[in-house]
Amino acid sequence: MVFTLGLFMGFSGTVASANPNEMFSVETKDVGYYFTVNARGQVLQQYFGKKVASLKDFSYMKDYGYDRIRLQDRDLYSTFGTGNVALPALQVKHADGNLTTQLVFSGVEKKQISTDLIQTTIQLKDNFYPFYVDVVFMAHQSSNVIENFVRIRHQEQGPVVVSKAASVNLSMTAERYFLTHYYGEWSQEMTEMEEELQLGVKTVESHKGVRTSTSEHPTFFLSVNAPATETEGEVVLGSLAWSGNYKLQFQYDAVNRVYVQAGMNDFMSDYLLPANETFTTPAFIYTYSDQGKGKASRNFHKWARSFGYRKGNEVRPVVLNSWEGAYFNFDEATILNMIDDAAAMGVEMFVLDDGWFGNKYPRDNDRQGLGDWAINKKKLPNGLKPFADRCKQKGIRFGIWVEPEMINPKSELAEKHPEWIMRSPNRKDLFLRNQLDLDLSNPKVQDFCFDVVDKTLTETPGISYVKWDANRHVENFGSAYLPAQQQSELWMKYVQGLNKVYERLQAKYPDVIFQACASGGGRSDLGTMKYHHEFWASDNTDAESRVKINWGFSSIYPANAIASHVSHVPNHQTKRVIPIKFRFDVAMAERMGLELQPRKLDSLETAWMHLAVPEFKKIRETVQLGELYRLLSPYKSATAAKMYVTENRSKAVLFAYQLEHPSRGKLSFVKLQGLDPAKQYRLMEILPKEQDQTKWKNSASGKVSKFACRANGEILSGAYLMHVGLTLELKYQYDSFVLALEEVK
Ligand code: DGJ
């Protein structure tokens with residue numbers, strides 16, 4: 001029997017079938033994934049890519065793919081013991097010790113979850129053991145995004161050891177493959193790199209346990225045949241929704257197939273699965289585009305706003321976060337002054353960062369007090385209430401920093417609950433930032449973490465933002481809670497425990513904004529973001545660095561998820577001195593905020609704050625809710641440019657940054673994208689190029705003296721802007737401009 005998607009449109013029940021020689025598909029508006037079942041019951045992937053008109057075209061292929069070549073047979077979910085000598089997606093030890101598994105088709109079930117979402121479950125079973133695998137696809141029609149995960153259960157006579165269970169085993173065939181992935185480090189998160197895959201296996205992974213996206217990010221573009229550009233080429237964009245250890249493997253074989261296996265890392269992760277319990281993998285999220293990377297990212301953004309992170313369809317407040325402005329050195333007056341200054345500049349949310357807690361071991365530096373979440377009475381004798389009150393009085397909101405999962409050994413918590421700390425038996429503790437991890441596999445520790453936030457929020461009413469930090473990865477591996485034979489489950493149980501905490505907080509505080517932070521962008525994966533509204537992209541607040549870091553994150557996240565703050569110069573991380581206009585122009589392209597002490601700004605900077613924050617609010621909705629078009633990459637050009645366009649194409653904002661001094665007389669040039677060719681747009685530069693306002697002359701008519709873009713003030717057609725383009729008047733390093741476009745009727 002052949003199923004086509006059309007059969008299920010508008011269908012609200014489920015259909016299951018166990019007939020052999022099946023064919024079925026998982027389809028979205030433009031993307032299709034097609035499967036056949038051969039005579040042996042093996043489910044084979046026939047094709048993934050642009051949707052094809054008819055599933056029946058695959059029927060002649062049904063019996064191909066087995067026995068011809070003893071490589072991997074495009075199995076939907078490959079195992080060991082079927083002749084497959086390539087990487088298996090699943091590795092288990094059955095209760096009787098058998099290491100082989102042979103999965104055959106047992107049924108397919110389709111469910112229309114909503115008008116836009118269809119769930120397909122392909123049911124597999126071992127052909128001898130009572131061992132079952134469901135491969136589940138959630139196909140989001142309009143965004144063309146598929147979520148793929150796997151459920152495993154059994155009824156064997158004892159636990160089955162799950163050693164590896166990938167979330168996906170996606171196969172494609174092409175001549176060549178080009179992988180774009182994101183390496184990084186603290187302060188260099190999401191550094192884009194592209195390489196051609198060679199025969200063999202390319203692995204991108206983390207086994208840091210916590211803060212897993214500090215180095216490699218579980219996100220990639222895979223272009224087929226030729227490297228995709230922003231507008232052209234076939235490309236798959238994928239990301240794993242898991243905040244623990246992960247592994248992405250790209251296996252390119254001698255017959256030109258590639259297998260993408262993505263999932264929890266199998267590194268020291270054996271899991272004892274008791275009978276009748278279900279092991280569920282995290283979801284792997286992916287899309288396909290035949291119009292380059294830009295379209296793939298826009299697909300992802302559309303999906304992510306509703307399913308990837310919280311309240312993705314809302315604009316975010318302008319934040320002032322206290323960290324780089326005050327570090328640990330503040331008292332009540334310092335913070336009250338910051339709140340007053342922030343409110344006067346148009347900031348909408350003040351966030352008090354680290355340093356507000358600890359009494360026996362006051363958190364006046366990073367060597368002590370972490371874990372002791374009582375307000376520091378000496379520093380803040382009146383608690384946090386004066387801050388919440390002052391924010392309310394000034395008409396802004398108040399937020400707080402926490403780091404519940406971690407502990408300084410010099411803390412009351414460490415004295416009281418040494419057994420809550422992750423430690424390797426008979427080994428010396430290894431410290432990072434003088435701290436250790438708590439063991440989140442322990443339900444008592446989960447309760448503690450929940451209480452940290454719950455108590456803070458109930459003791460001081462009026463807190464509406466939580467910055468959740470995590471400043472080390474796991475090195476002292478070991479749980480005093482888990483039994484000896486289940487130590488390897490700690491990786492997974494830590495993440496599950498943490499997710500339980502997030503879920504409880506989300507249920508109790510649905511209106512509080514949660515920011516994910518882990519020494520910057522160390523926890524910016526889709527597993528974390530499911531429970532957060534935004535993430536702190538990097539501790540590196542240098543605007544030049546941020547052009548690249550934010551560019552990388554834009555592969556999967558819309559602007560309102562990426563927190564980007566204007567900070568002091570010389571920059572605290574890079575010591576670079578970058579003009580205030582450039583610093584603002586960079587931060588305005590995402591979730592803009594400030595990371596500074598207003599009283600340490602010079603008069604020019606202060607004036608700029610008062611000018612730029614209100615200007616940003618005028619373009620914020622287009623930036624944060626608009627569709628992104630990346631125009632000139634900072635990885636490939638001395639000028640970077642990108643733009644956001646509203647869905648109805650009536651408004652847009654163009655950002656352009658000069659990253660290096662251009663060679664003499666050479667100005668960059670950009671063709672805009674995403675506009676309506678038939679519409680007329682008025683071009684308005686947002687902030688003047690000259691930072692010193694005393695030098696502005698002729699501001700009403702002075703296009704030349706005041707603004708950087710020659711076309712400022714013009715009314716031009718979408719066709720002109722997209723086909724002829726604009727010359728960018730960026731003559732020196734750190735010249736930049738922000739140009740708003742608005743339809744003129
Ligand atoms: C690391 C974060 O990334 C910073 O923004 C800041 O919150 C510090 N931790 C505080 O300890």
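Worth knowing before you read on, the calculation uses all heavy atoms, side chains too, and leaves out hydrogens, waters and symmetry mates. Model, not experiment: these values are computed from the prediction. As the structure lists them, so they are numbered: ligands from 1, and atoms in each ligand from 1.
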Test your reading of the model: is there a side-chain donor-acceptor pair from [X] to the backbone of [Y], 3.5 Å cut-off?
X	Y	value
Ser322	Asp353	yes
Asp539	Trp186	no
Asn265	Ser206	yes

Closest protein heavy atom to [atom], given as residue, atom name and distance to 0.1 Å:
atom	result
atom 11 (O) of ligand 1	Asp354 OD2, 2.6 Å
atom 4 (C) of ligand 1	Asp539 OD1, 3.4 Å
atom 7 (O) of ligand 1	Asp353 OD1, 2.8 Å
atom 9 (N) of ligand 1	Asp469 OD2, 2.7 Å

At under 4.0 Å between heavy atoms, is it the side chain or the backbone of [X] that contacts ligand 1, or both, or neither?
X	answer
Cys517	side chain
Glu595	neither
Asn321	neither

> What class does the angle between the rings of Trp536 and His565 fall in, given that below 30° is parallel, 30 to 60° is tilted and above 60° is perpendicular?
Replying inline: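 Because their plane-to-plane angle lies in the 30° to 60° range, the rings of Trp536 and His565 count as tilted.
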
With heavy-atom distances below 4.0 Å as the criterion, list the atoms of ligand 1 near [X].
X	value
Gly520	3 (O)
Trp536	3 (O), 5 (O)
Asn471	1 (C), 9 (N)
Ser519	1 (C), 3 (O)
Lys467	4 (C), 5 (O), 6 (C), 7 (O)

> Checking ring pair (Phe, Tyr, Trp, His ring centres under 6.0 Å) for the pair Phe267/His207: CA distance, chi angles, key distance, verdict?
Replying inline: CA-CA 7 Å; Phe267 171 76; His207 38 78; 4.1 Å; yes

> With ring centroids as reference points, do Trp356 and Phe330 lie under 6.0 angstrom apart?
Replying inline: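 No, they do not, as the ring centres are separated by 6.0 Å or more.
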
> So, do Phe448 and Trp420 have ring centers that fall under 6.0 Å from each other?
Replying inline: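 Centroid separation for Phe448 and Trp420: below 6.0 Å.
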
>> ring pair (Phe, Tyr, Trp, His ring centres under 6.0 Å), that's the test. Do Tyr502 and His532 meet it? Break it down for me.
In response: CA-CA 9 Å; Tyr502 291 150; His532 294 79; 4.8 Å; yes

> Between Glu605 and Arg583, does at least one N-O distance fall below 4.0 Å, as a salt bridge requires?
Replying inline: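 Yes, charged N to carboxylate O under 4.0 Å.
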
> Can you check whether Arg433 has an N/O within less than 3.5 Å of an N/O in ligand 1?
Replying inline: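 In this structure, Arg433 places an N or O atom under 3.5 Å from an N or O of ligand 1.
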
> Just checking, is any N or O donor in the side chain of Asn408 or Arg363 under 3.5 Å from an acceptor N or O on the other one?
Replying inline: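 Present: a donor and an acceptor within the cut-off.
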
>> If we only consider heavy atoms of Glu324, is any one of them less than 4.0 Å away from an atom in ligand 1?
In response: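 The answer is no: ligand 1 sits nowhere under 4.0 Å from a heavy atom of Glu324.
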
> Would you say Glu403 touches ligand 1, if touching means a heavy atom closer than 4.0 Å?
Replying inline: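 Checking ligand 1 against Glu403, which is what was asked, there is no heavy-atom contact under 4.0 Å.
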
